[in-house]
Amino acid sequence: MKQLIIRGDPGIRKGAVVELDGEEFVCFSVARQGEWHGPEEVQLWCTVGDESERETFERRDFIPMRLDTEAVDADAVTVVNSKGDPAAV
């Protein structure tokens with residue numbers, strides 16, 4: 001599990017599946033930053049991981065400030081599925 005900061009909006013929402021550097025990640029949470037007073041373009045702060053880490057995220061069995069953080073441009077992210085199944089999330 002890690003924190004992914006995406007500069008720009010690739011059109012993803014909670015539960016989306018994205019590919020970055022050949023790895024697929026599920027977006028467990030997405031926080032939109034900078035719409036009003038932020039940088040020139042919006043940033044999406046996402047907590048991502050693989051599907052096996054979903055229960056760990058839901059139980060909050062991690063320390064958010066200890067997650068590895070990676071910042072990328074929206075062009076570097078390939079969107080596999082833009083939003084998750086509402087029944088599964």
* Structure fact -> To the nearest 0.5 Å, atom CE of M1 lies from atom CZ of R54 at 10.5 Å
* Structure fact -> Closest non-hydrogen contact found for V80 with E24 is CG2-OE2, 3.9 Å
* Other than W45, what residues sit in its cluster of Ile, Leu, Val, Met, Phe, Trp and Tyr side chains whose heavy atoms are under 4.5 Å apart, directly or through others? -> I5
* Quick one: closest heavy-atom pair of L44 and P10, and the distance? => CD1-CD, 3.8 Å
* Looking at SG of C46 and NZ of K14, how far apart are the two atoms once the value is rounded to the nearest 0.5 Å? -> 12.5 Å
* Which heavy atom of K83 sits nearest a heavy atom of N81, and at what distance? -> O-OD1, 3.1 Å
* Structure fact -> Shortest non-hydrogen pair, D9 vs I12, comes out as OD1-N, 4.0 Å
* Structure fact -> When rounded to the nearest 0.5 Å, the distance separating OG1 of T56 from CG of D50 is 9.5 Å
* When rounded to the nearest 0.5 angstrom, what distance separates CZ in F28 from CD in E51? -> 6.0 Å
* Tell me whether V48 is reachable from V79 by hopping between hydrophobic residues (I, L, V, M, F, W, Y) whose side-chain heavy atoms are closer than 4.5 Å. => yes
* Check whether NZ of the Lys or CZ of the Arg R60 lies under 6.0 Å from the centre of the six-membered ring of F57 and within 45 degrees of that ring's axis. => yes
* So how far is it from I6 CD1 to Q33 CD, rounded to the nearest 0.5 Å? -> 12.5 Å
Exercise answer: donor-acceptor pairs, residues 68-78 side-chain atoms, under 3.5 Å, sequence neighbours excluded:
unit_1	atom_1	unit_2	atom_2	d
E70	OE1	K2	NZ	2.6
D73	OD1	R7	NE	2.9
D73	OD1	R7	NH2	3.3

* Asked: According to a 4.5 Å side-chain heavy-atom criterion applied to Ile, Leu, Val, Met, Phe, Trp and Tyr, with indirect links allowed, do V18 and V30 form part of one hydrophobic cluster?
  -> yes
* **Main-chain N/O of L20 paired to E23 side chain as donor or acceptor, under 3.5 Å** => no
